[in-house]
Protein chains: 2
Amino acid sequence: MLGNPIRDRRAERREATRAEILDAAWEMVRSEGLAGLALRDLARKVGMQAPSLYSYFDSKHAIYDAMFAQGARAYLERESLIPTTGDALTDLRAGLRSFIGFCTEDPARYQLLFQRTIPGFEPTPETFAIAVAGLERLKDRLAGIGVTDPRSVDLLTAIGTGITDQQISNDPGGGRWSRLVDDAAEMFCNHMNATPNPPRRNRK
Amino acid sequence: MLGNPIRDRRAERREATRAEILDAAWEMVRSEGLAGLALRDLARKVGMQAPSLYSYFDSKHAIYDAMFAQGARAYLERESLIPTTGDALTDLRAGLRSFIGFCTEDPARYQLLFQRTIPGFEPTPETFAIAVAGLERLKDRLAGIGVTDPRSVDLLTAIGTGITDQQISNDPGGGRWSRLVDDAAEMFCNHMNATPNPPRRNRK
DNA sequence: CTTGAATCCGAACGATGTTAGGGAATCCGA
DNA sequence: TCGGATTCCCTAACATCGTTCGGATTCAAG
């Protein structure tokens, strides 16, 4: 009952072709930009004609969705590889730096995951759930230092994506920005230490 | 020598039509999204055919550029309207809140100004200079509390755009986010107070 | 050998930004 | 008032895009 070996070989080949298409798509997207993915070029890159792609993906957006899933999974994997020191604060800093590093090392992937830049595209709920799971890891790191306010998580990712965005569009060189990441982590941790669950403060 | 009155009327009419086109473009962009601007629809909206637009703008990107300039000027104007209290810290907070308010009140404008989301589009140097002048105002506010490190300005705008981005894509309602802005300003000011020109700190 | 599904291709559709060429109004100098 | 130039707007068309259609080709299953 464990699957016909011939059908398996079929499915295996199909899956291999899908992977080949996605690899080529990543390559195009990294060199031409996220919006530079043209189906005719993509098809030629894997040795077929444009309409043939529709045997493997329902639409161009379906290709983006599959790439989104790959990207989100890559972050999950990266998160799990961060060494834990036992000190919650150090681990939080490591998590933030990892997050921003992940974002900046591949601008196209960052744009796909964290910006709504492709006109009609929204990731599938199942696909989006993978990304949510990744941010859950960051949330856990915050919980490690006693911060459970959901606003804090939002603020953390906001800082992360904000820095990434500035970095990508303004600073090709990047020496200055990596230190900026440190400053942001520092600042965030200081704030969190000062007010673990920040109450509303009267200002005037 | 002060310009033929007839030529002036010509130029005046031309400028009025340009403005009408841009107004219609903003309307389309706000309802259909930044990428939803179709020249044929835009032309019909102002009572002409698509190619006629090329009498007023060299290309679609030129329209985006003009819109960028309008948006940047709008920020400059808004900045100049913030009441100054004399307390530099309060003024800085007001500046940050104004910045984020400006970004969030019109997502399409924010996307045009602060994200590189239109495939081939880069603002003209002159146009971009307007936006730079706007951020210069924020820099002045930082200088007001004794912070001159350019990294701090980058960090401030990074936090601003990051929060805006999260807010736009995640939170249509928005009650939670407006308080988040306060927290961010608070956090930023605390950090800046602690380390006006933040030195590298040994951590371990 | 035949059936039927999966895969691939050529042609074509609608929509996009853009260009070419012509016609009509308007303004200018004579 | 009359030509010539300029400006504005149009129809037609082009290249490119994602996508659909219909027909081949392939290949395992009955």
Side-chain angles (χ1 to χ4, degrees), chain A residues 1 3-22 24-25 28-29 31-68 112 117-122, chain B residues 1-22 24-25 28-29 31-67 112 117-122:
Chain A
M1 212 34 104
N4 184 325
I6 293 177
R7 280 208 82 75
D8 279 1
R9 213 167 2 166
R10 276 245 204 178
E12 196 176 302
R13 178 173 184 78
R14 182 184 166 84
E15 203 51 41
T17 308
R18 275 180 62 104
E20 187 184 357
I21 292 174
L22 290 180
M28 284 187 65
V29 145
S31 69
E32 311 283 336
L34 192 53
L37 202 165
L39 291 192
R40 283 174 173 80
D41 297 346
L42 175 59
R44 294 250 156 71
K45 215 171 200 294
V46 297
M48 42 196 224
Q49 293 296 108
S52 305
L53 294 175
Y54 286 77
S55 302
Y56 299 96
F57 298 95
D58 286 341
S59 65
K60 189 182 184 182
H61 284 175
I63 296 179
Y64 280 131
D65 189 74
M67 295 170 77
F68 189 109
L112 175 61
T117 180
I118 302 161
F121 171 67
E122 286 283 335
Chain B
M1 210 35 111
L2 256 125
N4 183 326
I6 295 178
R7 281 208 83 77
D8 279 0
R9 208 159 15 156
R10 275 243 205 179
E12 197 176 301
R13 177 171 184 79
R14 182 186 166 82
E15 203 51 42
T17 308
R18 275 180 61 105
E20 188 185 356
I21 292 173
L22 291 180
M28 284 188 63
V29 145
S31 68
E32 312 282 336
L34 193 54
L37 202 165
L39 291 193
R40 281 171 175 81
D41 296 347
L42 175 59
R44 294 248 156 71
K45 215 168 200 297
V46 297
M48 40 197 227
Q49 294 295 106
S52 303
L53 294 174
Y54 285 77
S55 302
Y56 300 94
F57 297 96
D58 286 341
S59 63
K60 188 182 184 182
H61 284 175
I63 297 179
Y64 280 131
D65 189 73
M67 295 170 76
L112 175 63
T117 180
I118 302 160
F121 171 68
E122 285 284 335

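Each chain gets a letter, A, B and so on, in the order its sequence line appears, and its residues count up from 1.
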Tell me every residue that passes salt bridge (charged side-chain N to carboxylate O under 4.0 Å, His left out) with Glu20(A), counting only those two or more places apart in sequence or in another chain.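 Glu20(A) satisfies salt bridge (charged side-chain N to carboxylate O under 4.0 Å, His left out) with no residue once adjacent residues are dropped.
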What pairs with Arg14(A) under salt bridge (charged side-chain N to carboxylate O under 4.0 Å, His left out), at least two apart in sequence or on another chain?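 Salt bridge (charged side-chain N to carboxylate O under 4.0 Å, His left out) list for Arg14(A), sorted by chain: empty.
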Pairs flagged by salt bridge (Lys or Arg N to Asp or Glu O under 4.0 Å) wherever residues 48-65 of chain A is involved - sequence neighbours left out: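 Listed by first then second residue: nothing to list.
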Go through [options] for me and flag the one nearest to the [X] side chain.
X	options	result
Ala38(A)	dC8(D), dG18(D), dC9(C)	dG18(D)
Arg14(B)	dC9(D), dC8(D), dT7(C)	dC8(D)
Tyr56(A)	dT7(C), dC10(D), dC9(C)	dT7(C)

Are Ile118(A) and Leu112(A) close enough that some pair of their side-chain heavy atoms sits under 4.5 Å apart?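 Yes - at least one pair of side-chain heavy atoms lies under 4.5 Å apart.
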Could you list the donor-acceptor pairs under 3.5 angstrom formed between side-chain atoms of residues 36-57 of chain A and any protein atom two or more places apart in sequence or on another chain?
| residue | atom | partner | partner atom | Å |
| --- | --- | --- | --- | --- |
| Lys45(A) | NZ | Glu27(A) | OE2 | 2.9 |
| Ser52(A) | OG | Gln49(A) | O | 3.4 |
| Ser55(A) | OG | Ser52(A) | O | 3.3 |

Considering only nitrogen or oxygen atoms on both sides, find all protein atoms under 3.5 Å from nucleotides 18-23 of chain C and state each distance.
| residue | atom | partner | partner atom | Å |
| --- | --- | --- | --- | --- |
| dT18(C) | OP2 | Tyr54(B) | OH | 2.6 |
| dT18(C) | OP2 | Lys60(B) | N | 2.8 |
| dT18(C) | O5' | Tyr54(B) | OH | 2.8 |

Under 4.0 Å between any heavy atoms, over every strand shown, what does Phe57(A) touch: base, sugar-phosphate, or nothing? Just pick one.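 Counting heavy atoms under 4.0 Å across all strands, no contact is made by Phe57(A).
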Base, sugar-phosphate or nothing for Leu37(A)? Non-hydrogen atoms, less than 4.0 Å.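 Since only primed, P, OP1 and OP2 atoms lie under 4.0 Å of Leu37(A), the category is sugar-phosphate.
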Secondary-structure stems for DNA chain D, with pairs counted as Watson-Crick or G-U when both distances are under 3.5 Å and runs at least 3 long: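 Expected stems, ordered by start: C:1-22 with D:9-30, C:24-26 with D:5-7, C:28-30 with D:1-3.
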Counting only side-chain N and O atoms of Ser52(B), is one of them less than 4.0 Å from OP1 or OP2 of dC10(D)?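 The answer is yes; a side-chain N or O of Ser52(B) sits under 4.0 Å from OP1 or OP2.
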